2 protein chains.
Amino acid sequence: MRNKYVLIYQEMVQKIEKETFKADEFLPSENELAGQYHTSRETIRKALNLLAQNGYIQKIRGKGSTVIAQNKFDFPVSGLVSFKELADKMGEKPITTVHRCTKINASDYICDQLDLENNQEVWEIIRARSFSGQRIILDKDYVSLKIVPYISEDIAKTSIYNYLENELGLIISFAKKEIIVEEPTEEDRELLDLEGFYNVVVIKNYVYLDDATLFQYTESRHRPDKFRFVDFARRER
Amino acid sequence: MRNKYVLIYQEMVQKIEKETFKADEFLPSENELAGQYHTSRETIRKALNLLAQNGYIQKIRGKGSTVIAQNKFDFPVSGLVSFKELADKMGEKPITTVHRCTKINASDYICDQLDLENNQEVWEIIRARSFSGQRIILDKDYVSLKIVPYISEDIAKTSIYNYLENELGLIISFAKKEIIVEEPTEEDRELLDLEGFYNVVVIKNYVYLDDATLFQYTESRHRPDKFRFVDFARRER
DNA sequence: AAGTGGTCTAGACCACAAA
DNA sequence: TTGTGGTCTAGACCACTTA
């Protein structure tokens, strides 16, 4: 049994997506919902705040909470998502090729990115992702050996996140992300089908655990025509 | 006098940025803070949740709330920011050139983006942004005439957001944003110093008011070497 | 066992919108 | 005036960490 407010949130997401609650209509008031769910108003408010944060509703003081149209984007991904989760949402079946999955002494650049002492050991995992025969994305992962003592090529082939969370019991909590555009490296040209494109989109991802330790640095290098980033943002007051 | 929890949040942000609370150290417990601020624990928790959402702290059950290092990015902008606010943060002084600021009948494409009936009137504002003599960004704004009856070239030259919020009293609430990479158009080549770059980064922005009405569509077209997007994201449960 | 953060409650008062 | 969402309180119980 999960938290009440999360359950209410999930149920309301369902209702919005199935259009039991339609776009531009008002939800029942907080007091009504509190009655319907046999709970207190503050608990309802926690659920509604989750809906607002994730772009499902807009709360309007004195009036009520109105449902925001979802159609503008078919692909409402913002935040921290593994490649596999993301591909699932897009309904595409990518093929992963593992080019490297070995322990190395971290280069100066990687030490810097992962806040490590010089020459500490890390896992280096390099994988290409293909969609309909085209190699579109190059993922380069670096994970501290202290936190993850072992990774196999098989794991790299399926889902590292699944292994870390379900097998090792690590809890991934937040990430800092940077998106820039770069010239392709030799490695990009070799491992991707760049088809004459002169740039790659690079997503640098710094991933942190539950206890706020930085444990993974990832570069996801995309062919520019296949890159898309979608975000929902509330204005800071 | 603002809300108590916002005041507490702001005060704690100050303390984190001035390193009264240092990275990797724990904050006082929620009960202690409630005592210090002469308030209830739930109010302290609202302030701490704001800090967590914005990447200042990580809460760890059973232990406490630890301060997250800020240094990883000098430019922690995520979300909805006008060009001018953004340039201010970067400490650069851009020059704005207004190429167009006129009423037009919206094209099919613009009607589609703004959810308008055919041929409704909108403001079209096209502006180039120069940094140290280089024209780097092309901003194309479309605003429904129904909501904003008048915009002058002078306003376009300074800050439209300032005009909308402070003069017209509109309250901008949230935005949906999409980032993609495109080939430059003729217009891009004409109005930007592309310096041989073969791509532009396009940020499509759908801006909504307080009452959840869509009122503005903006395309911000960047030279790829000058584009950078930074995000902080918590993993969805 | 003691201290921490996470959830939930029942009630109060406020600011705002609409009739 | 009524109903809405926004804030705040004081207290309860729980799950987890550490000693």
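All chains are named by letter (A, B, ...) in the order of the sequence lines, taking the proteins before the strands, and each is independently numbered beginning at 1. Keep in mind that what you see is a predicted model, and the values were worked out from it rather than measured. Atoms considered below: every heavy atom in the structure, side chains included; atoms not considered: hydrogens, waters and symmetry mates.
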Test of understanding: with side chain to side chain donor-acceptor pair (under 3.5 Å), list the residues that count as partners of [X], not counting sequence neighbours.
| X | answer |
| --- | --- |
| B:Lys4 | none |
| B:Thr213 | B:Asp211 |
| B:Arg61 | none |

Check the interface with nucleotides 7-11 of chain D: list each N/O to N/O pair with the protein under 3.5 Å, or write none.
{"residue": "D:dT7", "atom": "OP1", "partner": "B:Asn3", "partner atom": "ND2", "Å": "2.8"}
{"residue": "D:dT7", "atom": "OP1", "partner": "B:Tyr5", "partner atom": "OH", "Å": "3.0"}
{"residue": "D:dT7", "atom": "OP2", "partner": "B:Tyr5", "partner atom": "OH", "Å": "3.4"}
{"residue": "D:dC8", "atom": "OP1", "partner": "B:Lys4", "partner atom": "N", "Å": "2.5"}
{"residue": "D:dC8", "atom": "OP2", "partner": "B:Tyr5", "partner atom": "N", "Å": "3.3"}
{"residue": "D:dC8", "atom": "N4", "partner": "A:Glu42", "partner atom": "OE2", "Å": "2.2"}
{"residue": "D:dT9", "atom": "OP1", "partner": "B:Lys4", "partner atom": "NZ", "Å": "2.9"}
{"residue": "D:dT9", "atom": "OP1", "partner": "B:Thr39", "partner atom": "OG1", "Å": "3.3"}
{"residue": "D:dT9", "atom": "OP2", "partner": "B:Thr39", "partner atom": "OG1", "Å": "2.2"}
{"residue": "D:dT9", "atom": "OP2", "partner": "B:Ser40", "partner atom": "N", "Å": "2.9"}
{"residue": "D:dT9", "atom": "OP2", "partner": "B:Ser40", "partner atom": "OG", "Å": "3.1"}
{"residue": "D:dT9", "atom": "OP2", "partner": "B:Thr43", "partner atom": "OG1", "Å": "2.8"}

### Query
Under a 4.5 Å cut-off applied to non-hydrogen side-chain atoms, are B:Phe229 and B:Val201 in contact?
no
### Summary
Residue set satisfying salt bridge (charged side-chain N to carboxylate O under 4.0 Å, His left out) with A:Glu153, at least two apart, ordered chain then number -> none
### Summary
Separation of D:dG6 atom P from A:Ile44 atom CD1, nearest Å, is 14 Å
### Query
Roughly how many Å is it from CG in B:Leu33 to P in C:dG3, rounded to a whole number?
16 Å
### Query
Salt-bridged, A:Glu121 to A:Lys103, with N to O below 4.0 Å?
no
### Task
Return the orientation label for the A:Tyr206 and A:Tyr217 ring planes: parallel under 30°, perpendicular over 60°, tilted otherwise.
tilted
### Query
Between A:Phe174 and A:Tyr208, what is the ring plane arrangement, given parallel below 30°, perpendicular above 60°, and tilted in between?
parallel
### Close approaches to DNA chain D from residues 48-63 of chain B, in residue order (heavy atom, under 4.0 Å)
B:Arg61, B:Gly62, B:Lys63
### Query
Just to confirm, is there a sub-4.0 Å distance from OP1 or OP2 of C:dT4 to any side-chain nitrogen or oxygen of B:Ser29?
yes
